[in-house]
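Right, one structure below, let's go through it.
Note: hydrogens, waters and symmetry copies are ignored here, and every other heavy atom, side chains too, is used.
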Number of protein chains: 2
Amino acid sequence: MTTSAPPRPGRVLDPAKRAAILEGARAVFMREGFAQGSMDAVAAEAGVGKQTIYRHFRSKEALVEALVEAMCAPEVVRPPTRSLPSGQRLRELLLTFVTGVASPDSVRLYRAIVAEADRMPGLGRLFWEAGPRQVRAAIAQLWAEEHDTATAPVVAEQLVQLALGDAYQELVLGTGSPKREVFERQIDAALALLEVASRRHRR
Amino acid sequence: MTTSAPPRPGRVLDPAKRAAILEGARAVFMREGFAQGSMDAVAAEAGVGKQTIYRHFRSKEALVEALVEAMCAPEVVRPPTRSLPSGQRLRELLLTFVTGVASPDSVRLYRAIVAEADRMPGLGRLFWEAGPRQVRAAIAQLWAEEHDTATAPVVAEQLVQLALGDAYQELVLGTGSPKREVFERQIDAALALLEVASRRHRR
DNA sequence: TAGCATATACGAGACCGATTAGTTTCGTTT
DNA sequence: AAACGAAACTAATCGGTCTCGTATATGCTA
């Protein structure tokens, strides 16, 4: 019964422009932060009129949300190939996760989200659901396959914390640039710790 | 040989005013963040003319640096009373540390420092040295007394990470307000984990 | 299938209102 | 003589809107 809205002729919003705007926003906001980065800067970086941004995004806040969503999306974790020896798969998963999270862009994204945590609480949840939560789920599943199902969720949490460790804090605080080997050491220590405890728990 | 500068009469900068300004800055910046908090707001909060702030601090940046330094300083950790049973002292230390770090003001300070990590890299180091580093040292010493000296530093790192855990991430990201019991559970699990491994390591 | 009309996207840039770091002024206090 | 409170003032930034001239896709008509 609802009459469909009359077809509205004219040009249509160009998806390529939207992509260019998001790319410009990524460059600007990861360089200067969400608060400091200006819409004029985004427009210039994207090679686009400012009004075009507002045709594609309602406001700066909407643009930021779309950007965070886009930057979190590819963080989906796929467990490593099943061909690896059982014990190595978990190590591999942790290593790829940590190297991803330790990349400059990922650190800047985390910083920017933390910075606006109380002004835009939605960002924090968006980030958590798209990134850290899925990582923990993947790790828990792998642990459940190879060890205990009951303790898998809490073990996954602990593994993530230990794998990131102080080295990640250095990155976030900008006080150092730990090498890959540091993370590898932390991961190996974490796995050793948890597996010892698991064996003991299983009597 | 250098002629002493001519005596300069007049009033002297009032230290009480400086303290009031820092207190006002703490209130404002912890409420609104370093970027959003305005100097006018600090002046009002401190009950002080804006120019008085600029007589005591060269710029907003200088005020922020002084504030961070002041807020980090008192975070010195004193190990708990020796009267406690040996096994409980470590738990007590971790608990007071975590509850301190989980306080709203501490979380906001951490957020603010992370937010400006690349614009003001000195803040990150200042914070790390004054807070987390000392906490780790205190924990390591306690662990060395009761267990192994060689592994104490890395164990302290792991204990801190596990004690904070995902609950602290929720606080930082603003996605939740975990109760004290959550942190207690994380601490107990961490201690159990590390002590099991320690006993095994000692053969 | 070709062509015309139309509504909209687009770039550029002026413009508005609000906010803010920092300065200046003035009368008062120490 | 300089600190202090109060408040006006300056210069700059920024989110968002508006206008203008141009480009382009869509729908209707032939």
For C/dG11, take OP1 and OP2 only and decide whether either is under 4.0 Å from a side-chain N or O of A/K17. yes
Atom-to-atom span, CD of A/E45 to P of C/dA12 - whole angstrom: 14 Å
If you find the nucleotide of DNA chain D closest to A/G37 and the one closest to B/G47, which residue's nucleotide is nearer the 5' end? B/G47
Can A/R26 and A/E23 be counted as an ion pair, charged N to O under 4.0 angstrom? yes
Rounded distance (Å) that lies between atom C1' of D/dA3 and atom CZ of B/F57: 15 Å
Using whole Å, what does the distance between atom P of nucleotide D/dA12 and atom CG of A/D40 come to? 16 Å
Between D/dA23 (P) and A/Q51 (CD): distance, integer Å: 19 Å
Answer whether the closest heavy-atom distance between the side chains of B/R18 and B/D14 falls below 4.5 Å. no
Verify the contact: side-chain N or O of A/T52 to OP1 or OP2 of C/dA9, cut-off strictly under 4.0 Å; return yes or no. no
Taking side chain as C-beta onward, heavy atoms only, is A/R91 less than 4.5 Å from A/E184? yes
Rounding to a whole Å, what distance do you find between A/Y54:OH and D/dC14:P? 12 Å
Could you check which of D/dC4, C/dG22, C/dG11 has an atom nearest any side-chain atom of B/L13? D/dC4
Out of D/dG15, C/dT29, C/dC10, which nucleotide sits closest to the side chain of A/R11? C/dC10
Can A/R89 and A/E145 be counted as an ion pair, charged N to O under 4.0 angstrom? yes
Spacing of B/R18 atom CZ relative to D/dC4 atom P, expressed in whole Å: 12 Å
Report yes if a side-chain nitrogen or oxygen of A/H56 is closer than 4.0 Å to either non-bridging phosphate oxygen (OP1 or OP2) of C/dA9; otherwise report no. no
Between A/Y110 and A/F127, how do the two ring planes meet: parallel, tilted or perpendicular, split at 30° and 60°? tilted
For the side chain of B/K50 and the base of D/dG5, is some donor closer than 3.5 Å to an acceptor across the two? no
In whole angstrom, give the distance that lies between atom CD1 of A/I53 and atom C1' of C/dA9. 14 Å
Output the rounded distance in Å from CD (B/Q36) to P (C/dA18). 17 Å
